[in-house]
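Please read the structure below before turning to the comments.
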Number of protein chains: 2
Amino acid sequence: MATISTLGYALLCALHRGPLTGYDLVRKMRRPIGYYWTARQSQIYPELGRLSEAGLIAHESSPGPGPRERKTHRLTDAGRAALAAWLVEPPGDRAPRDEIVLKTYAQAAADPVEMRAFYLREAATYQELLDEFTRQHTELAANGGDSTSHPEFGAYATLELALIHYAGRVRWCSWLADRMGDRVTSPPPEG
Amino acid sequence: MATISTLGYALLCALHRGPLTGYDLVRKMRRPIGYYWTARQSQIYPELGRLSEAGLIAHESSPGPGPRERKTHRLTDAGRAALAAWLVEPPGDRAPRDEIVLKTYAQAAADPVEMRAFYLREAATYQELLDEFTRQHTELAANGGDSTSHPEFGAYATLELALIHYAGRVRWCSWLADRMGDRVTSPPPEG
DNA sequence: TTGCTCATGTAAGAAGTTACATGATTCA
DNA sequence: TGAATCATGTAACTTCTTACATGAGCAA
């Protein structure tokens with residue numbers, strides 16, 4: 001049997017609340033799911049084909065706006081079972097690739113004044129995201145999404161992590177901007 | 001001129017403190033740099049060739065232990081300048097791919113008892129990482145790494161973020177494990 | 001009449017993973 | 001004698017990105 005890629009499971013996740021077209025999935029993989037799992041259109045359509053072949057999803061066709069048929073995909077029983085089994089498996093440790101941390105590691109090779117400006121900009125960018133997610137979080141909570149019995153509790157829980165995440169980033173970038181100030185006033189021994 | 005990939009810059013970052021062999025870089029891309037940027041051996045050796053062709057690094061050869069020569073790579077002036085320029089550029093937003101957040105989004109499709117055990121295991125895993133990074137952080141601080149003039153300040157600053165990051169994850173997973181308890185006692189309306 | 005949204009797909013290439021290949025030295 | 005470390009590289013494959021291609025309906 002063909003093994004399902006994480007992208008495949010991401011699509012099953014996106015379908016767990018009900019049927020969607022490929023195009024709906026393309027949009028979902030931008031936001032909200034795109035906040036923590038992204039895929040492009042060119043990846044999604046072939047993957048839907050593979051999931052269908054594996055019997056995890058099925059679709060109904062209707063006339064589309066363009067030259068091709070519109071397909072509405074849904075989880076099959078096998079798909080729902082595969083998803084349920086995958087959800088409770090420990091995540092395989094993915095390679096972390098975080099550009100800002102990489103830059104911080106080699107921070108000494110850059111000019112401290114420019115580096116300070118860099119961290120101030122990054123702090124502001126993270127703050128904007130934090131504000132936006134805070135707004136979404138508040139709105140969802142007001143609609144009862146903070147209750148485990150609410151269908152959007154999963155989305156609410158991901159927002160909880162986003163708040164923790166971005167608040168931490170803002171704090172860290174601000175701290176580093178501050179520290180770059182030290183580097184300006186007391187440069188390394190060699191001058 | 002050929003554009004340098006992020007992997008290329010990661011290698012320049014790794015070389016910013018002094019010359020290293022390809023093998024040294026392979027180890028660095030596991031740890032400590034591997035904590036925030038990973039690459040395999042089969043990616044690193046060809047990339048070194050490209051950086052060399054671009055004039056950003058140069059190497060000296062010496063007899064190696066095996067059938068091939070041992071090469072010690074170092075940044076050229078052009079390489080150091082390219083690195084300094086890249087460091088202060090805003091990071092391009094990379095596609096986030098976080099399996100545990102994806103699973104949380106679709107959490108309702110899994111059994112709450114199993115899901116609770118899942119989050120407890122994840123909390124414990126993150127706690128172990130937090131303990132290890134706390135140990136490293138304390139050790140580096142004791143050696144003066146917390147000062148911006150210290151050559152390992154960059155590594156120290158990355159550990160600062162690691163502590164923020166993993167402490168947040170432990171808190172979030174513990175909270176979710178708790179909430180899965182709610183799901184057990186009050187299941188969704190449909191039963 | 002130009003551009004956006006809906007809607008589905010393919011092609012070419014870059015980036016990343018897994019596996020193979022060689023061979024000396026050191027340690028248990 | 002068998003495994004680990006040092007040391008460099010290639011081949012085959014999967015995954016992901018960028019770009020192309022079609023065409024209806026709608027709004028400025």
Side-chain angles (χ1 to χ4, degrees), chain A residues 2-11 14 19-31 33-34 36-54 57 59-73 92-99 102, chain B residues 2-11 14 19-31 33-34 36-54 57 59-73 92-99 102:
Chain A
T3 52
I4 309 303
S5 68
T6 308
L7 168 62
Y9 285 112
L11 295 178
L20 296 170
T21 67
Y23 193 73
D24 290 333
L25 287 164
V26 169
R27 277 180 307 181
K28 278 225 172 193
M29 297 311 269
R30 284 201 288 257
R31 111 199 84 86
I33 295 180
Y36 36 88
W37 204 274
T38 323
R40 303 300 171 105
Q41 184 170 328
S42 58
Q43 264 185 291
I44 291 169
Y45 286 103
E47 188 65 36
L48 285 171
R50 284 188 285 270
L51 290 172
S52 194
E53 248 186 279
I57 61 172
H59 67 262
E60 276 164 32
S61 296
S62 54
R68 289 196 190 81
E69 287 191 308
R70 178 188 138 105
K71 296 176 187 171
T72 303
H73 305 271
D93 39 326
R94 278 224 137 215
R97 287 199 173 95
D98 197 332
E99 207 174 304
L102 181 59
Chain B
T3 51
I4 310 302
S5 67
T6 309
L7 168 62
Y9 285 112
L11 295 178
L20 295 170
T21 66
Y23 193 75
D24 290 333
L25 288 165
V26 170
R27 276 180 308 180
K28 278 223 171 192
M29 297 312 270
R30 283 200 289 256
R31 113 200 83 87
I33 296 181
Y36 35 89
W37 205 274
T38 323
R40 303 300 172 106
Q41 186 170 328
S42 59
Q43 264 184 292
I44 291 168
Y45 285 103
E47 187 64 36
L48 285 171
R50 284 188 285 270
L51 291 172
S52 194
E53 249 185 279
I57 60 172
H59 67 262
E60 277 164 31
S61 295
S62 55
R68 291 196 190 80
E69 287 189 306
R70 181 187 136 106
K71 294 176 186 173
T72 304
H73 305 270
D93 39 323
R94 277 225 137 215
R97 287 200 174 94
D98 197 332
E99 206 175 305
L102 181 59

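Hydrogens, waters and symmetry mates are skipped; everything else that's a heavy atom, side chains included, is used. Residue numbers start from 1 in every chain, and the chains themselves are labelled A, B, ... in the order their sequence lines are given, proteins ahead of strands.
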| said: For a quick check of understanding: with a heavy-atom distance under 4.0 Å over all strands, which category does Gly64(B) fall into, base, sugar-phosphate or nothing? | reply: nothing
| Length of the line joining Lys28(B):NZ and dA7(D):P, which is rounded to integer Å | 15 Å
| Whole-Å distance between dT18(D) C1' and Ile44(A) CD1? | 15 Å
| request: Let me know the distance between CG of Asp24(A) and P of dT5(C), rounded to the nearest Å. | output: 15 Å
| In this structure, which one of Ser62(B), Pro63(B), Ser61(B) forms a side-chain contact (heavy atoms from CB on, under 4.5 Å) with Glu69(B)? | Ser61(B)
| remark: Rounded to whole Å, the NZ-C1' distance (Lys71(B) to dC6(D)) equals 16 Å
| request: Measure from CG on Leu11(A) to P on dT8(C) and round the result to the nearest Å. | output: 13 Å
| task | Let me have a per-nucleotide readout for nucleotides 17-28 of chain C, 5' to 3', with B, S or -, counting only protein heavy atoms under 4.0 Å. | result | BBB--BBS----
| field | Option among Leu20(A), Thr21(A), Leu48(A) that satisfies the side-chain contact (heavy atoms from CB on, under 4.5 Å) test with His73(A) | value | Leu48(A)
| Can you tell me how far P of dT8(D) sits from CG of Leu20(B), to the nearest Å? | 11 Å
| query | Salt-bridged, Arg50(B) to Glu53(B), with N to O below 4.0 Å? | reply | no
| query | Of all the nucleotides listed (dG9(C), dC6(D), dC6(C)), which has the minimum atom distance to the side chain of Arg70(B)? | reply | dC6(D)
| field | Leu7(B) side-chain proximity, nearest of dG16(C), dG9(C), dA7(D) | value | dG16(C)
| said: Can you give me the closest heavy-atom contact between Met29(A) and Ala39(A), atom names plus distance? | reply: CB-O, 3.7 Å
| Between Thr72(B) and Arg94(A), which has a closest nucleotide on DNA chain D that is more 5'? | Thr72(B)
| Which atoms form the tightest heavy-atom contact between Thr72(A) and Pro19(A), and what is the distance? | CG2-CB, 3.7 Å
| Qualifying residue, where the test is side-chain contact (heavy atoms from CB on, under 4.5 Å) with Tyr45(B) and the options are Glu47(B), Gln41(B), Gln43(B) | Gln41(B)
| Is any side-chain heavy atom of Thr38(B) less than 4.5 Å from a side-chain heavy atom of Arg97(A)? | yes
| message | Could you tell me how far apart Glu60(A) (CD) and dT8(C) (C1') are, to the nearest whole angstrom? | response | 18 Å
| note | Whichever of Arg27(B) and Glu47(A) has the more 5' nearest nucleotide on DNA chain D, that residue is Arg27(B)
| Can you find a side chain N or O atom of Tyr23(A) that sits less than 4.0 Å from OP1 or OP2 on dT8(C)? | no
| message | Please report the distance, rounded to the nearest Å, between CD in Glu69(B) and C1' in dC6(D). | response | 16 Å
